[in-house]
Amino acid sequence: MSIKRMAAIAALTAIALTIFMLEAQIPVVLAVPGIKLGLANIVTLAAFFLLSRRDAGIILALRVVLGSIFSGSPMIFLYSAAGGLSGFASVCITASFLTEKQIWAAGIISAIAHNAAQIIVAVLIMDSPALIWYLPWLVIAAVITGAFTGFSAQFAVKRLKDMGIR
Amino acid sequence: MRRISNKALLIIFAALLIASAVWILIAGSIKQDELLAEIYVEGRLVHTVDLSEVTESYTINLPHNTILVEPGQISMSSADCPDQLCVRQGVIKSGIYPIICLPNKVEVRIARESGIDAVTGGRS
């Protein structure tokens with residue numbers, strides 16, 4: 001691993017972790033469990049299209065593990081890991097069909113996969129199939145929040161590439 | 001590799017939104033016949049309350065949550081978790097949505113059918 005790559009991964013992990021911790025301080029607006037912007041996903045998405053699939057995976061894994069440790073809740077790790085893994089897998093599958101002007105779509109796809117995985121984990125942990133009724137709310141939320149994070153990542157990637165940074 | 005057009009993506013996402021909206025409308029129209037509220041802690045049924053027989057409001061204290069039982073409805077009145085989502089979910093009456101507190105693993109839901117061996121009582 002080159003020093004440049006290691007530094008890039010470290011810097012992006014720090015950014016993702018900071019965003020994750022900051023967002024956790026923002027009170028939730030809606031009384032539907034699990035809805036949040038998922039701003040840290042901007043970093044994962046940008047790294048995916050800017051660096052590589054592997055680097056984005058490393059950044060995501062580091063953020064999920066460190067984020068759970070810093071927030072001090074083992075439950076957060078389960079939800080965070082399930083959501084992160086599923087969102088990442090969905091982008092891996094769909095990224096080859098998407099251009100760099102369609103990162104917004106990758107944002108939506110990963111947000112939907114993320115939320116669906118978290119609902120499934122919640123159903124299993126709570127042993128409550130009724131929670132699945134929240135899924136459509138989370139899909140709608142994911143389309144909105146995913147488009148936001150996706151566009152943010154898309155603009156970030158474009159800017160950084162225009163500046164000659166990769 | 002084949003690319004997907006923006007138009008196709010928009011159609012897919014719009015279809016998902018419409019399907020979700022329909023699902024939400026269906027979920028909102030489902031009403032349970034019985035007003036039997038069940039309270040679960042860590043997956044175990046700890047209280048069953050027949051809301052149609054409640055005449056005076058009272059609270060049920062759980063280790064981390066307080067549940068307010070009122071005539072015909074039930075709600076989470078307090079929780080010690082930081083997000084307070086369960087408290088803000090408000091009252092449930094006959095709908096299909098359960099009140100859940102993910103951090104404390106508490107769930108309040110209206111039972112689908114009666115005839116479950118009722119573990120009532122335990123007022124505090």
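Proteins get letters first, then strands, A, B, ... in listed order; numbering begins at 1 in each.
Using a 4.5 Å heavy-atom cutoff, the side chains of A:Trp104 and B:Leu9 are in contact.
Atom CD of B:Glu42 sits about 11.0 Å away from atom CD1 of A:Ile125, to the nearest 0.5 Å. Remark: A:Phe97 CZ to B:Ile4 CD1 distance equals 6.0 Å, nearest 0.5 Å. Separation of atoms CG (B:Leu17) and CD1 (A:Ile108) is listed at 8.0 Å; rounding is to 0.5 Å.
Listed here is the closest heavy atom pair of B:Ser5 and A:Gln102: C-NE2, 3.8 Å. Here the closest heavy-atom approach between residue A:Trp137 and residue B:Tyr97 is recorded as NE1-OH, 2.7 Å. In terms of heavy-atom proximity, B:Val106 sits nearest to A:Met126 at O-CE, 3.5 Å.
Within residues 18-28 of chain B, the residues having any heavy atom less than 4.5 Å from a heavy atom of chain A are, in residue-number order, B:Ser20, B:Ala21, B:Trp23, B:Ile24, B:Ala27. At a heavy-atom separation below 4.5 angstrom, chain A is approached by no residue within residues 63-74 of chain B.
Contact count versus chain B (heavy atoms, under 4.5 Å) is highest, among A:Thr94, A:Ile76, A:Leu98, A:Asp127, for A:Leu98.
Note on A:Ile3: it does not cluster hydrophobically with A:Leu62, by side-chain heavy-atom contacts below 4.5 Å among ILVMFWY residues. Linking ILVMFWY residues whenever their side-chain heavy atoms come closer than 4.5 Å, directly or via other members, leaves A:Ile120 and A:Val123 in distinct clusters. A:Val143 and B:Leu10 fall within a single hydrophobic cluster, where Ile, Leu, Val, Met, Phe, Trp and Tyr side chains are chained together by heavy-atom contacts under 4.5 Å. Note: the hydrophobic cluster containing A:Leu85 does not contain A:Leu60 (ILVMFWY, side chain heavy atoms under 4.5 Å, direct or indirect links). By the rule that hydrophobic residues join a cluster once side-chain heavy atoms approach within less than 4.5 Å of another member, A:Leu131 and B:Ile30 end up as members of one cluster.
Side-chain atoms of B:Arg3 come within 3.5 Å of backbone N or O of A:Ser96 as a donor-acceptor pair. The main-chain N or O of B:Pro98 is found under 3.5 Å from a side-chain atom of A:Tyr134 such that the two form a donor-acceptor pair.
Residue contact with chain A, scored on non-hydrogen atoms closer than 4.5 Å, involves the backbone of B:Cys101 exclusively.
Atom CZ of B:Phe13 has more than 12 neighbouring heavy atoms from other residues, nucleotides or ligands inside a 6.0 Å radius. In this structure, A:Arg5 places its CZ atom where more than 12 heavy-atom neighbours from other residues, nucleotides or ligands lie under 6.0 Å away.
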